[in-house]
Amino acid sequence: MSKDKILEIHRIISKNYKDLNWWPVDSKYHKKNQTDPRFEIIVGAILTQNTAWSNVEKALVNLKEKNKLDIKNIAKSDEKELREMIKPSGFFNQKADRLKTISNHFLERYGGNLDNFFKRNLKEIREELLSLNGIGPETADSILLYAGEKPVFVVDAYTKRLCQRIPIKVELDYDNIQKHFQEELSKQYIGKELVQTYNEFHAQIVLLAKEYCKKKPNCNDCPISKNCNELF
DNA sequence: GTCCAGGGCCGTT
DNA sequence: AACGGCCATGGA
């Protein structure tokens with residue numbers, strides 16, 4: 001077996017999971033209300049922290065009903081009301097704080113214009129996101145990749161579990177896993193294609209992990225079982 | 001009733 | 001630096 005299996009695994013699961021409409025946003029809503037669809041992704045990235053997406057969707061519906069999928073409107077909204085709206089997504093007290101924090105940040109530093117934020121240097125804006133209370137590495141990178149279309153690979157609990165079972169030969173902490181994926185994938189892709197590959201591959205890993213590489217794994221029929229040392 | 005979900009923070013070792 | 005407890009809802 002080759003010393004790293006990332007590219008091979010990517011090749012295989014790309015066949016199984018195609019044309020993923022990952023991180024869908026409500027374009028109609030944003031068109032009608034003249035809001036920035038990237039902010040919906042940012043809100044979703046915070047709301048989905050350790051939370052099922054189905055619960056996040058309920059919160060997003062509530063936010064849309066009151067036109068809160070907007071930086072200024074969250075920044076000036078009543079926090080109690082905000083908590084109520086995002087309640088279905090769980091951890092609603094801290095998440096309301098986090099939405100406030102990031103909205104205030106974008107409003108104060110960038111006049112609420114995300115172009116002004118995203119056009120800056122990648123390392124700088126990643127550090128800036130990480131400096132905000134409630135924005136850790138996965139949330140920051142989800143924002144950078146899915147909202148900012150930056151070449152950043154998102155590592156989540158699914159990715160870690162997969163790496164542990166395959167296994168890959170790097171320490172299983174966030175930075176090392178990310179570095180490994182980025183080194184391997186950037187051998188094959190550059191520029192916009194690389195961004196698109198990071199985007200889809202993360203989504204593909206989530207689907208694979210939900211279907212097969214679950215906590216209680218389903219190795220039967222798993223498309224990458226031959227590339228994996230784990231056998232259940 | 002139990003387990004789990006597209007994490008992150010904080011306090012204790 | 002590493003680890004455990006905590007945050008909370010809703011679906012399986």
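None of the values given here were measured: they were computed from a predicted structure. Basis for what follows: all heavy atoms, side chains included, without hydrogens, waters or symmetry-related copies. A note on names: the letters A, B, ... follow the listed sequences, proteins ahead of strands, and every chain is numbered from 1.
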Quiz item: Does a side chain donor of either A:His105 or A:Glu128 reach within less than 3.5 Å of an acceptor in the other side chain?
Solution: yes
Exercise. State whether A:Thr139 places a side-chain N or O below 4.0 Å from either non-bridging phosphate oxygen (OP1 or OP2) of B:dG8.
Key: yes
Quiz item: Which part of the nucleic acid, if any, lies within reach of A:Ala209 when heavy atoms closer than 4.0 Å are counted: base, sugar-phosphate only, or nothing?
Solution: nothing
Practice problem: State which of C:dT9, B:dA5, B:dG8 makes the closest approach to the side chain of A:Lys87. | Solution: C:dT9
Practice problem: Indicate whether OP1 or OP2 belonging to B:dA5 is found under 4.0 Å from a side-chain N or O atom of A:Arg161. | Solution: yes
Self-check item: Any A:Lys58 side-chain N or O less than 4.0 Å from OP1/OP2 of C:dG11
Solution: yes
Exercise. Considering only atom P, compute the distance from B:dC10 to C:dA8 and round it to an integer number of Å.
Key: 14 Å
Exercise. Ignoring the backbone of A:Phe92, work out which of B:dG7, C:dT9, B:dC10 is nearest its side chain.
Key: C:dT9
Quiz item: Is A:Ile74 close to A:Val43 at the side-chain level, that is, under 4.5 Å between some pair of heavy atoms?
Solution: yes
Practice problem: Indicate whether any N or O donor in one side chain lies under 3.5 Å from an N or O acceptor in the other, for A:Thr139 and A:Gln49. | Solution: yes
Quiz item: Which nucleotide in the set B:dG8, B:dA5, C:dG10 lies at the smallest distance from any side-chain heavy atom of A:Lys215?
Solution: B:dA5
Quiz item: If you check every side-chain atom of A:Glu138, which of C:dT9, B:dG8, B:dC4 has the closest atom?
Solution: B:dG8
Practice problem: Inspect the contact between A:Arg38 and A:Asp36 and indicate whether a charged nitrogen and a carboxylate oxygen are less than 4.0 angstrom apart. | Solution: yes
Quiz item: Any side-chain N or O of A:Asn55 under 4.0 Å from OP1/OP2 of B:dA5?
Solution: no
Quiz item: Heavy atoms under 4.0 Å, any strand shown: does A:Phe91 hit a base, just sugar-phosphate, or nothing?
Solution: base
Self-check item: Position toward the 5' end of DNA chain B (nearest nucleotide), A:Leu130 or A:Pro24
Solution: A:Pro24
Quiz item: Just checking A:Ile135: base, sugar-phosphate only, or nothing, at a heavy-atom cut-off of under 4.0 Å?
Solution: sugar-phosphate
Quiz item: Which atom pair, heavy atoms only, marks the closest approach of A:Phe153 to A:Tyr174?
Solution: O-OH, 4.0 Å
Practice problem: Pick base, sugar-phosphate or nothing for A:Gly136, based on heavy-atom distances below 4.0 Å to the nucleic acid. | Solution: sugar-phosphate
Quiz item: Considering only side-chain heavy atoms of A:Ala52, which listed nucleotide, B:dA5, B:dC10, C:dT9, is closest?
Solution: B:dA5
